[in-house]
Each structure stands twice: as C-alpha cells, then as structure tokens.
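All remarks here apply to the structure that follows.
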Protein chains: 2
Amino acid sequence: MIRILLADDEHLIRGAMAALLSLEDDLQVVAQAATGAEALATARVVHPDVAVIDLQMPDLDGVSVARALSSELPSCSTMIVTSHGRPGHLKRALAAGVRGFLPKTVSSDVLATVVRTVHSGGRYVDPALAAEAISAGDSPLTPREADVLELALEGAPIDEIARRASLSPGTVRNYLSSAVGKTGASNRHEAARTARARGWI
Amino acid sequence: MIRILLADDEHLIRGAMAALLSLEDDLQVVAQAATGAEALATARVVHPDVAVIDLQMPDLDGVSVARALSSELPSCSTMIVTSHGRPGHLKRALAAGVRGFLPKTVSSDVLATVVRTVHSGGRYVDPALAAEAISAGDSPLTPREADVLELALEGAPIDEIARRASLSPGTVRNYLSSAVGKTGASNRHEAARTARARGWI
DNA sequence: TGGCGAGCATGACATCTGTCATGGGTTTCT
DNA sequence: AGAAACCCATGACAGATGTCATGCTCGCCA
C-alpha cells in the first residue's frame, strides 16, 4: 500500500483527486494539505511514501516544498502536478529533487501509474512538457538580468525598479536593454513576458 | 436524477470531479468535454439538466459557452467553476445567464449542493467572489479605452496597437493616457495589468 | 433643438526608455 | 598571469511615451 500526501489549494480538486486515487487498491491518501507550509508540517508527521503537490499554492511554491521534503524526508518521493506548465519550472523542480512532473491535463490512470513509478524509484516527466523545456533552452539571462526583469514584470517604471534592486537607474536600463536583446522583444515589458513564458524568470 | 455535463480542459480535474459527483445518489455525469466547442456540441445532443463548465478553456471561454447554452437550451442550467476568479468574469457570467459561479477552492459538498440549487431554479454565487466583484466596482473605462488597453496587455508598442485597432497612434495615446489616469497607474503596462486584475478588460 | 459624452484626430511639450560607448572592479577558468 | 564573463556605474542621444489643449463628428437625451 502506497501512502500518499496530497497538497493543492483548491479543495475541490484536492478532494476529487483524493477520491480518484483512493479508487486504486494499492494507493491510499493518508493526508491532505491546502498550503505549502501545511504540506510540509503534515509530511513531517505522517511520513508519506509519495507526495503529490500542486505547483502553485498561496504561500510556498511547490518546488520549495519539494526541496524541503527531499532533504528532510529522503524516503518520500515527491511529484508535482500543475495547470500551467512553464518550461523553467520543470528544470527547477528536477533540480529540487522532484521525481515526477505532470500537467493536470493527464488522465487519472496516468496519475496513478506515475505515483507507482516514482514510489518504486523511477522518474516520470510529461513528454510534452519535456519537449517544451528542451526547446525553450537554457536561460541566456545573467542572474542580475533575471532579477531586474522580474521586477519589471509588474510594469513598474525604471526608477522604482532601481530602488527595489538598489541599483542606479542607468544600470537597470543596461540590464533591461540586454535582456530585451536576448529575448528578441521590443521593450522591457514584452521581454519580461516572454522570459516568464519560457520559465527564465 | 440530475443529468450533468462536465467541461474542463484538465482531464485529471474533470475525471476527478466526475468521480466525485457520481458519488451522490441523485447526480449523474452524462457527458464530459475538454473544450468549449466540444461542450456545446455535446450539450446539443445529450440535453443535460445542468452544465458545469470551467471558466478557462483552450478555445471558447466558459462564459461564451454559457451564453450559447442559455439561448439554445433554456432547460439547461449553467454554472461555472474557476481557479482564478476575477471580479469582471462574474459580472459577464451573470449577464450570460449563468446560474452558479464557484471558485475551485470550495469543497465537493458545496459543488453538489450548488448543482442541486441551480437545477431547481436557484442561483448561487460564491460570497467571497461576490464581495470582490462589488468592491472592484463597475469599469470606468469607455469601450474603446478597454479595447486599446487590452491590446496593450502584451506589451506591444503604441504603433502596433494603433495598427491593430485601426486608430492613429495619437488617439491610442489619448485613450491609454485616460486609462492610466482612471486606473491610478503610472504607465499603460501597469494600467493594463490592474484593469485585468479588476476584470475590467 | 441644444447640450453632453463618446469616438477620433492633430500638434506640442516634457519626460521616460532603449541603445551605445566607456570604464573600473570582481570572480572564474585556462 | 591573462582572458573572459559578470557586476556596477555614468553620460549622451534618439526615439517612444505620457500629458495637455484643441477641434471635429455623431448619437442620445432632456
């Protein structure tokens, strides 16, 4: 019997997934959580075999939870399910020790199968997401460029970005200009959007 | 027995919700669809009592489906479930004849209850979303301002917006300037973001 | 019928942005 | 040690953008 921890902020989805997984004879949902912090706390208590975690949750990002879990509870395999699969997330997730990565568009059979796969030590990444991640390639942005671009995401003017990054406005403009070139965009807003789409920030 | 049509592009969620609803004695999921178009086509054939539709789907927006359904199949009550509940969506949905509007954070009991409520002619809107919609208020944007602002969402330069809207660049700048004032933003990108957040576009 | 608001446009001005050249400091790799 | 890459900054310039004043047309409503 594989003991599962389920974390998703959407009650409906979580409850439904639990119902679905419980239909399988060899799977048992032993705990549920609605936030990343809750998931961590619960995992420390119940020591599940597999943690199925939603990527986007109100507090802690799914990847952060995965990282914490893989260091604290090595015996627990973590897998991530997500609605919006950005290429960059996959890479970060893998780096955080995640063993399975699925979009929510897969069927329930696949979910159950992957739970078994990761529990037995295997790995599984959705082929479509993997292909996307490969085609998106590595981020050409330097760490600083990524920082600045991230601050630019909300459409803030350059002066504010400079203040928030503790940089001079001129430097910010240089980084942004460079990022605009690397993303093939025509202004920083577009650059920020495409970088986000490719998972570079 | 209430006959339900379920539409959601995420197989996992859809299957799980179906499993969940089927646990109720008086509910029966008679059809499922993964896209808006598919949902419409299916509904025309099976004539469900209640349609439970996800707001965001690849092709047709959930609200459009609802509008079509309410005119073509008046006997079918439509309700919408969504992950990201923007205030504006609720208003548009209600105008399209939607009878129930829920975030996916609700529990499965609520879902089943609301299915029964709308089927018996009632209405149900999630209180939190309703409060948000009220606090966001009506859109102060004129139709044209909203159009232009929507085109600005992707970060395109003004000339491109002007071409796409068949307006002169000067006019576009006027609309955007006005929209920036109305949203309290400091540039059009920020304005577009906040307008989107409030459901004004 | 006159007033009003929305739609559309132009021109002018100040400011913001994107780009480029340049330079100095640090770390990393060879 | 030297090259290469990154980090930070400044200055200058052109073009994009935000703001304002102004004017025209059209449909709606009192």
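Proteins come first, then strands; the chains are lettered A, B, ... in the order of their sequence lines, and each starts at number 1. Everything numeric here is computed off the predicted structure, so don't read it as measured data.
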> Among dA6(C), dA9(D), dC8(C), which is the nearest nucleotide to the side chain of Leu167(A)?
Replying inline: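 It is dA9(D).
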
> Do Pro157(A) and Asn187(B) come within less than 4.5 Å of each other through their side chains, counting heavy atoms only?
Replying inline: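 A side-chain contact under 4.5 Å exists here.
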
Rounded distance in Å - [atom1] ([X]) to [atom2] ([N]):
X: Tyr175(B); N: dG18(D); atom1: OH; atom2: C1'; result: 17 Å
X: Lys182(B); N: dG18(D); atom1: NZ; atom2: P; result: 16 Å
X: Glu145(B); N: dC8(C); atom1: CD; atom2: C1'; result: 13 Å
X: Arg144(A); N: dT27(C); atom1: CZ; atom2: C1'; result: 15 Å
X: Leu141(A); N: dC6(D); atom1: CG; atom2: C1'; result: 13 Å
X: Asp147(B); N: dA6(C); atom1: CG; atom2: P; result: 15 Å

Check this for me, if you would: do [X] and [Y] make a salt bridge, where the nitrogen-to-carboxylate-oxygen distance has to be below 4.0 angstrom?
X: Lys104(A); Y: Asp8(A); result: yes
X: Arg164(A); Y: Glu160(A); result: yes
X: Glu154(A); Y: Arg193(B); result: no

> Roughly how far, to the nearest 0.5 Å, is the CG atom of Asn174(A) from the CD atom of Glu145(A)?
Replying inline: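 The CG atom of Asn174(A) is 10.0 Å from CD of Glu145(A), to the nearest 0.5 Å.
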
> Taking protein heavy atoms under 4.0 Å as touching, what does nucleotides 10-25 of chain C look like 5' to 3' if B marks base contact, S marks sugar-phosphate-only contact and - marks none?
Replying inline: B------BBBBB----

>> Checking Gln28(B) against Arg3(B): is there a side-chain donor and acceptor pair closer than 3.5 Å?
In response: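 Checked: Arg3(B)/Gln28(B) side chains show no N/O donor-acceptor pair below 3.5 Å.
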
